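The structure appears below as structure tokens.
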Number of protein chains: 2
Amino acid sequence: MPRTVAERQDVIPILAEVFRRYGYEGASLSRITEGTGLGKGSLYHFFPGGKEEMAAAVLAHIDDWFQRQVYTPLRQAGSPYEGIAAMFDAVCRYFLSGRKVCLVGVFALGNERDRFAQAVSGYFRDWAGALAMALENGGLASTPARDLAEEVVGGVQGALVLARAWDDPQVFSRMIRTLRERALAVIARTDATPDALPSRAAG
Amino acid sequence: MPRTVAERQDVIPILAEVFRRYGYEGASLSRITEGTGLGKGSLYHFFPGGKEEMAAAVLAHIDDWFQRQVYTPLRQAGSPYEGIAAMFDAVCRYFLSGRKVCLVGVFALGNERDRFAQAVSGYFRDWAGALAMALENGGLASTPARDLAEEVVGGVQGALVLARAWDDPQVFSRMIRTLRERALAVIARTDATPDALPSRAAG
DNA sequence: GTCTATAAAGCGATAGAC
DNA sequence: GTCTATCGCTTTATAGAC
């Protein structure tokens, strides 16, 4: 008997958990079946392309979340300071303070990078790009803004590695706090000395 | 006919490459056979424990390399400055400036962490520990030394993620240079003001 | 020390009943 | 939309010849 009529949309977050837990290769259909409570028939009904389509759907879901919760605030917040602060809050929430890994980061390091190249590179490109833009709006020049953005986005990935390696969420929180203070200090400093700001559409 | 009489020692670096390339789950025996040129008979002769023993041997080999090329220089160099500089040089060499991923980092993020928990946590513990000690010898207090060491060791992992995601070794070199300058600046600064140094065995 | 043959289990994917 | 049965292939591991 059919247990419950599911919707494709509801399955994706569970798929994400399975992929995060076992990786792409390790996420077998039997484990996916176990996690979702759906048989292969239902899974292939929702995702005719099989496992690859499931992973692609998960990546699209992640991208959507970050677009709305991270990049948009970064681009449209009242001030660069608020946008960057909101970004760090969202990131800590998302990764459960280091208890959850970044699937895109895992894919980037593994063989999956080539198969999902666009989603993987786009995720980090959008993130670092939006952050660099906010830093520029905060008064930084182009190159240091790009460098600091890369340092922050890469730093989050490194913090996740250490937190997993040591099974210690505290190291994640500690490293994020350092990154946050460094990024906000740059903005705050330029805000405190407005005469040092470059002309930004002073109309 | 037996192609060449191999030694276990010679096989390990090749195994490392295969694991790095395909991950633990993706490194099938057929791929290992292909990479090493050895049949299953030879592989199980060298590693009776199968794939798990192969991966453990690779991790031990990596640990050995870092002990001799990174941690020991860090602990025994003429000065903290030289030790830290040597560490960054060795790291850039080892990861081929971002073209090679860190297998321990990959294992840390994946399901393999639990199976190889000691090797994974020990790798980062030893690295961050030796670096923190060098920074303390350079004049830093205990807590900032630990924080900066975690920032550097985690930063390397993050740089590898971004370099892979964008398929761009330059971003690795750029991020490493920033980390290097930050770490060395702290040492150089304390060396320039020796009166600010804590008493360190002034006999 | 190396190989081939083989076993048993698991894989992704499909077909078709309901 | 969900299930079960099944296909063909690959997997890890073992056995035994050389």
Side-chain angles (χ1 to χ4, degrees), chain A residues 1-59 61 103 106-107 110-116, chain B residues 1-59 61 103 106-107 110-116:
Chain A
M1 61 207 160
R3 320 181 133 253
T4 320
V5 176
E7 293 196 28
R8 190 188 134 111
Q9 183 190 350
D10 303 325
V11 183
I12 294 178
I14 308 177
L15 288 177
E17 284 306 302
V18 178
F19 280 118
R20 247 187 276 271
R21 191 168 163 74
Y22 298 107
Y24 184 76
E25 305 259 11
S28 66
L29 286 189
S30 71
R31 286 207 244 246
I32 293 173
T33 288
E34 184 190 21
T36 58
L38 290 173
K40 296 180 190 180
S42 301
L43 290 171
Y44 275 90
H45 174 74
F46 290 133
F47 309 95
K51 225 170 91 164
E52 179 157 352
E53 189 176 339
M54 299 182 208
V58 168
L59 289 175
H61 187 255
L103 188 63
V106 174
F107 277 19
N111 208 232
E112 302 80 24
R113 180 199 58 168
D114 298 328
R115 205 194 288 243
F116 305 105
Chain B
M1 61 209 162
R3 321 181 132 251
T4 320
V5 176
E7 292 196 28
R8 191 187 132 113
Q9 182 189 350
D10 304 324
V11 183
I12 294 177
I14 307 177
L15 288 176
E17 284 308 301
V18 179
F19 280 118
R20 246 185 278 271
R21 191 167 164 75
Y22 300 107
Y24 184 76
E25 305 259 10
S28 66
L29 286 190
S30 70
R31 285 208 245 246
I32 293 172
T33 288
E34 184 190 19
T36 59
L38 290 173
K40 297 179 191 176
S42 300
L43 290 170
Y44 275 90
H45 173 73
F46 290 133
F47 309 96
K51 225 169 89 164
E52 178 158 352
E53 190 176 338
M54 297 182 210
V58 167
L59 290 175
H61 186 255
L103 187 63
V106 174
F107 278 18
N111 207 233
E112 301 80 23
R113 181 198 59 169
D114 298 329
R115 205 195 288 245
F116 305 106

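Residue numbers begin at 1 in each chain, while the letters A, B, ... track the order of the sequences. Source: prediction; values computed, not measured. These values consider heavy atoms only, across backbone and side chains, with no hydrogens, waters or symmetry-generated copies.
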Find which nucleotide of DNA chain C each of Ser42(B) and Glu52(A) is nearest to by heavy atoms, and output the residue with the more 5' nucleotide. Ser42(B)
Between Glu34(A) (CD) and dG10(C) (P), how many Å, whole number? 13 Å
Whole Å only: how far is the CD1 atom of Ile32(B) from the P atom of dT12(D)? 7 Å
Distance (rounded to the nearest 0.5 Å) between Asp10(A) CG and Thr36(A) OG1: 11.5 Å
Atom OH of Tyr22(A) and atom P of dC11(C) are separated, to the nearest Å, by 11 Å
For Arg31(B) and Val18(B), indicate whether the former's side chain and the latter's backbone hold a donor-acceptor pair under 3.5 Å. no
I'd like to check Tyr24(A) versus Arg115(A) (side-chain heavy atoms, cut-off strictly below 4.5 Å). Are they in contact? yes
Closest-nucleotide ordering on DNA chain C, the 5'-leading residue of Gly26(A) and Pro48(A): Gly26(A)
Contact class for Gly41(B) vs. all strands (heavy atom < 4.0 Å): base, sugar-phosphate, or nothing? base
If I take atom CZ in residue Phe47(A) and atom C1' in nucleotide dA13(C), what distance separates them, rounded to the nearest angstrom? 16 Å
Look at all strands and tell whether Phe46(B) reaches a base, only sugar-phosphate, or nothing, counting heavy atoms closer than 4.0 Å. sugar-phosphate
Is the phosphate of dC11(C), meaning OP1 or OP2, less than 4.0 Å from a side-chain N or O of Ser28(A)? yes
Roughly, in whole Å, what's the span from CG in Leu29(A) to C1' in dT10(D)? 14 Å
From NZ of Lys40(A) over to P of dT4(D), roughly how many Å is that when rounded to an integer? 11 Å
Return yes if some donor-acceptor pair links the side-chain N/O of Arg113(A) with the main-chain N/O of Phe107(A) below 3.5 Å, else return no. no
Student check: side-chain heavy atoms of Phe19(A) and Val106(A) closer than 4.5 Å: no
Between Ser30(A) and dC11(C), is there a contact of a side-chain N or O with OP1 or OP2 at under 4.0 Å? yes
Give the rounded distance in Å between these two atoms: NZ of Lys51(B) and P of dT12(D). 5 Å
Nucleotide nearest Tyr44(A) (side chain, heavy atoms from C-beta), chosen from dT14(C), dT2(C), dA13(D): dT14(C)
I need the NE2-C1' distance between His45(B) and dT12(D), as an integer number of Å. 19 Å
